[in-house]
*Asks:* 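Please read through the structure below; I'll follow up with questions.
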Amino acid sequence: MPSQSTIRNVLSIAGSDPSGGAGIQADLKTFAANGVYGMAVITALTAQNTRGVSGVELVSPDFVTRQIDAVFADIRVDAVKIGMIATAGIARAVADALKRHKARNVVLDPVMVAKGGDRLLAEEAVAALRSELVPLADMITPNLPEAAVLLDAAEATDRTEMEATATRLQALGCGSALLKGGHLGGDDSPDLLVTTTQGQWFEGARLQTRNTHGTGCTLSSALAAQLALTGDAFAAVRIAKAFVAGAIGAADRLDVGSGHGPTHHFHRYW
């Protein structure tokens, strides 16, 4: 275990976004902004910008494994964020490698659809993600549509249904489930964290901007960083949610693209 003064090392396993707003680019920015050393294993290359995804080239499961093994063979890994998986083969490769290396503080963001509506997770990969990766995760971070896919159920439409959904998600075998309520609509954006023993709402105001590209990546990366730093799921959610709110609130200071622009990961510094 690292000492309190040791800088934590956090690994992202995800796809690449050349426009810089999502994927490993957003993850590395988030790690840096949260005071941890970031590393990245690439599962897919995408051709995308703020207006959408125009192409995807997948990395083979074997080479994903080789990247993970190379990192763990040499570097202490204090937390892992898992993002875009794309295929069942990659899901199994990631799960096998993380089990072999006894990874801890694993945050799974079940990336299924890009902000512009492009599908990023093949249908056959959903079952593998549910059975192989969810039970390995200390925390999963689905939004309401993603939770509905994971549970093969109707999408929650209010807080009461969110509570039932989050409880069912946690029962899939993860340590905790953070169900994001941004799709509820209205003036609020509430999230609900459920563990094996308790649940807690985290409130937030809905911020008016179209520049929200990569918010899911950013939140899950901030959570992984804060789990590495604090070891406390509830503290991690509180700090990470505040960080993302700041990044969204400052997003309009950036001038990046003509579609859904990125959040401002370094809003605290410039």
*Asks:* With sequence neighbours excluded, what pairs up with Glu57 under the salt bridge (charged side-chain N to carboxylate O under 4.0 Å, His left out) test?
*Replies:*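 For Glu57, no residue satisfies salt bridge (charged side-chain N to carboxylate O under 4.0 Å, His left out) once neighbours in sequence are set aside.
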*Asks:* Considering all heavy atoms of both residues, which atom of Ala97 and which atom of Asp69 are nearest to each other, and what is their separation?
*Replies:*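 Heavy atoms only, the tightest pair is CB-OD1, 4.4 Å.
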*Asks:* Linking I/L/V/M/F/W/Y whenever their side-chain heavy atoms sit closer than 4.5 Å, directly or via other members, would Leu136 and Ile85 fall into one cluster?
*Replies:*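 The answer is yes; both residues are in one hydrophobic cluster.
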*Asks:* Before you tell me yes or no, could you show the steps for Leu219 and Asp109 under side chain to side chain contact (heavy atoms under 4.5 Å, CB included), namely the whole-Å CA-CA distance, both residues' side-chain angles and the distance that decides it to 0.1 Å?
*Replies:* CA-CA 9 Å; Leu219 177 63; Asp109 180 18; over 6 Å; no
*Asks:* Could you pull out the closest heavy-atom pair between Pro61 and Ile90, with the gap in Å?
*Replies:*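 Reported closest heavy-atom pair: CG-N, 3.9 Å.
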*Asks:* Group every Ile, Leu, Val, Met, Phe, Trp and Tyr by side-chain heavy-atom contacts under 4.5 Å, then state whether Leu229 and Ile239 land in the same group.
*Replies:*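 Not linked; separate clusters.
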*Asks:* Does atom CZ (Arg66) have a neighbourhood of more than 12 heavy atoms from anything else shown, all under 6.0 Å?
*Replies:*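 Counting neighbours around CZ of Arg66, 12 or fewer heavy atoms of other residues, nucleotides or ligands fall under 6.0 Å, so no.
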*Asks:* Just checking Ile7: does its CD1 atom have more than 12 heavy atoms from other residues, nucleotides or ligands closer to it than 6.0 angstrom?
*Replies:*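 It does not: Ile7 CD1 has 12 such atoms or fewer within range.
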*Asks:* Around atom OH of Tyr37, are there more than 12 heavy atoms from other residues, nucleotides or ligands closer than 6.0 Å?
*Replies:*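 Check fails, neighbour count at 12 or below.
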*Asks:* Does Val94 form a side chain to side chain contact (heavy atoms under 4.5 Å, CB included) with Leu133? I'd like the steps, not just the answer.
*Replies:* CA-CA 8 Å; Val94 171; Leu133 289 175; 3.9 Å; yes
*Asks:* For Leu58 and Ala44, work out which heavy atoms get closest and say how close.
*Replies:*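 Heavy-atom minimum between the residues: CD2-CB, 3.8 Å.
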*Asks:* Which distance, rounded to the nearest 0.5 Å, do you find between the CG of Asn34 and the CD of Gln226?
*Replies:*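 Rounded to the nearest 0.5 Å, the CG-CD separation comes to 5.0 Å.
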*Asks:* With the 4.5 Å side-chain cut-off for hydrophobic clustering, are Leu192 and Phe202 part of the same group?
*Replies:*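 Hydrophobic grouping puts Leu192 apart from Phe202.
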*Asks:* When you measure from the side chain of Ser221 to the backbone N and O of Phe31, does any donor-acceptor pair fall under 3.5 Å?
*Replies:*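 Answer holds: no.
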*Asks:* Does Ala222 offer a backbone N or O that forms a donor-acceptor pair with the side chain of Lys81 under 3.5 Å?
*Replies:*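 Here the side-chain-to-backbone pair does not exist.
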*Asks:* Do Cys174 and Met139 have side chains that get closer than 4.5 Å, going by heavy atoms?
*Replies:*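 No, side chains not in contact.
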*Asks:* Are Val80 and Val36 connected in the hydrophobic side-chain network, where two residues link if heavy atoms are under 4.5 Å apart?
*Replies:*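 No, it is not one cluster - the side chains of Val80 and Val36 are not joined through contacts under 4.5 Å.
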*Asks:* How about Leu172 and Leu151: do any of their side-chain heavy atoms sit closer than 4.5 Å?
*Replies:*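 Counting from C-beta outward, Leu172 and Leu151 do come under 4.5 Å.
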*Asks:* Do Met84 and Thr46 come close enough that some side-chain heavy atom pair is under 4.5 Å?
*Replies:*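 They are in contact (side-chain heavy atoms under 4.5 Å apart), so the answer is yes.
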*Asks:* Tell me if a side-chain donor or acceptor on Asp158 pairs with a main-chain N or O of Thr160 at a distance below 3.5 Å.
*Replies:*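 It does hold such a pair.
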*Asks:* Step by step, would you call Met162 with Leu144 a side chain to side chain contact (heavy atoms under 4.5 Å, CB included)?
*Replies:* CA-CA 8 Å; Met162 278 186 67; Leu144 299 183; 3.9 Å; yes
*Asks:* Would you check if the side chain of Glu124 reaches a backbone N or O of Ala88 as a donor-acceptor pair within less than 3.5 Å?
*Replies:*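 Looks like no, no N/O pair under 3.5 Å.
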*Asks:* Counting C-beta onward and ignoring hydrogens, is there a side-chain heavy-atom pair between Glu163 and Trp201 closer than 4.5 Å?
*Replies:*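 SC-SC contact between Glu163 and Trp201 confirmed.
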*Asks:* Using modelled atom types only, decide if a donor and an acceptor are shared between the side chain of Arg210 and the backbone of Gly261 within a distance under 3.5 Å.
*Replies:*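 A pair under 3.5 Å: no.
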*Asks:* Drop me the distance from Cys217's SG to Lys29's NZ, to the nearest 0.5 angstrom.
*Replies:*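 Interatomic distance, Cys217 SG to Lys29 NZ, rounded to 0.5 Å: 11.5 Å.
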*Asks:* Look at the side chain of Arg8 and the backbone N and O of Asp78, then say whether any donor-acceptor pair between them is shorter than 3.5 Å.
*Replies:*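 No, the answer is negative, given that no donor and acceptor are paired below the 3.5 Å cut-off.
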*Asks:* Could you state the interatomic distance from CG (Leu129) to CD (Glu146), rounded to the nearest 0.5 Å?
*Replies:*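 Between Leu129 CG and Glu146 CD, I get 9.5 Å after rounding to 0.5 Å.
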*Asks:* With a 4.5 Å cut-off on side-chain heavy atoms, are Leu169 and Val194 touching?
*Replies:*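 Not touching, per the 4.5 Å side-chain cut-off.
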*Asks:* Counting only N and O atoms by type, is there a donor-acceptor contact under 3.5 Å from the side chain of Asn9 to the main-chain atoms of Arg76?
*Replies:*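 Confirmed, Asn9 side chain pairs with Arg76 backbone.
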*Asks:* To the nearest 0.5 Å, what is the distance between CD (Gln208) and OG1 (Thr212)?
*Replies:*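 If we round to the nearest 0.5 Å, Gln208:CD and Thr212:OG1 are 11.0 Å apart.
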*Asks:* Would you say the side-chain atoms of Ser176 and Gln170 include a donor-acceptor pair closer than 3.5 Å?
*Replies:*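 Ser176 vs Gln170: no donor-acceptor pair found between side chains.
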*Asks:* Is there a continuous path of hydrophobic side-chain contacts, each under 4.5 Å between heavy atoms, that joins Val106 to Leu227?
*Replies:*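 Shared cluster, no.
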*Asks:* Going by salt bridge (charged side-chain N to carboxylate O under 4.0 Å, His left out), name the pairs with one or both residues in residues 221-244, residues two or more places apart or in two chains.
*Replies:*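 The answer is Asp191-Lys241.
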*Asks:* In sequence, state the C-alpha distance, the side-chain angles, and the governing distance for Phe234 and Gln198, and then conclude on side chain to side chain contact (heavy atoms under 4.5 Å, CB included).
*Replies:* CA-CA 10 Å; Phe234 293 92; Gln198 66 182 111; 3.4 Å; yes
*Asks:* Test of understanding: with salt bridge (charged side-chain N to carboxylate O under 4.0 Å, His left out), list the residues that count as partners of Asp252, not counting sequence neighbours.
*Replies:*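 If we apply the salt bridge (charged side-chain N to carboxylate O under 4.0 Å, His left out) test to Asp252, skipping adjacent residues, there are no hits.
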*Asks:* Atom CG in Asp138, atom CG in Leu223: separation rounded to 0.5 Å?
*Replies:*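 The distance works out to 11.5 Å.
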*Asks:* Taking the side chain as everything from C-beta on, heavy atoms only, tell me whether Leu98 gets closer than 4.5 Å to Ile82.
*Replies:*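 Side chain of Leu98 against side chain of Ile82, heavy atoms only: contact under 4.5 Å found.
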*Asks:* I'd like to check Pro262 versus Leu254 (side-chain heavy atoms, cut-off strictly below 4.5 Å). Are they in contact?
*Replies:*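 SC-SC contact between Pro262 and Leu254 confirmed.
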*Asks:* Looking at Thr218 and Ala26, what are the two nearest heavy atoms and their distance?
*Replies:*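 Closest pair (atom of Thr218, atom of Ala26, distance): OG1-CB, 4.1 Å.
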*Asks:* Taking Leu28's backbone N and O only, do any of them form a donor-acceptor pair with His265's side chain (distance below 3.5 Å, no angle check)?
*Replies:*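 Between the backbone of Leu28 and the side chain of His265 there is no qualifying donor-acceptor contact (under 3.5 Å).
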*Asks:* Taking C-beta and beyond as the side chain, do Met39 and Val77 meet within less than 4.5 Å on heavy atoms?
*Replies:*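 Yes. Closest side-chain heavy atoms under 4.5 Å.
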*Asks:* Determine the minimum heavy-atom distance between Ile24 and Val41, stating which atoms define it.
*Replies:*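 Closest heavy-atom pair between Ile24 and Val41: CG2-O, 4.4 Å.
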*Asks:* Check for a donor-acceptor pair, side chain of Asp17 on one end and backbone N or O of Ala22 on the other, with a separation under 3.5 Å.
*Replies:*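 Checked: pair present.
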*Asks:* Donor-acceptor pair, Thr263 side chain versus Thr215 backbone, under 3.5 Å?
*Replies:*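 The answer is no, because no donor-acceptor pair under 3.5 Å joins these two groups.
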*Asks:* In Å and rounded to the nearest 0.5 Å, what is the NE2 to NZ distance from His101 to Lys99?
*Replies:*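 With rounding to 0.5 Å, NE2 (His101) is 13.0 Å from NZ (Lys99).
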*Asks:* Quiz question: by atom type and distance under 3.5 Å, do the side chains of Thr157 and Glu161 form a donor-acceptor pair?
*Replies:*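 The criterion, which ignores hydrogens and geometry beyond distance, is satisfied for Glu161 and Thr157.
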*Asks:* If the test is side-chain contact (heavy atoms from CB on, under 4.5 Å), which one of Val107, Leu108, Leu193, Val237 qualifies with Thr141?
*Replies:*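 Single side-chain contact (heavy atoms from CB on, under 4.5 Å) partner of Thr141 among Val107, Leu108, Leu193, Val237: Val107.
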*Asks:* I need the minimum non-hydrogen distance between His260 and Asn211, along with the two atoms involved.
*Replies:*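 In terms of heavy atoms, the two residues are closest at C-OD1, 4.2 Å.
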*Asks:* Please state whether the rings of His267 and Phe243 are parallel, tilted or perpendicular, taking 30° and 60° as the class boundaries.
*Replies:*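 Ring orientation of His267 relative to Phe243: tilted.
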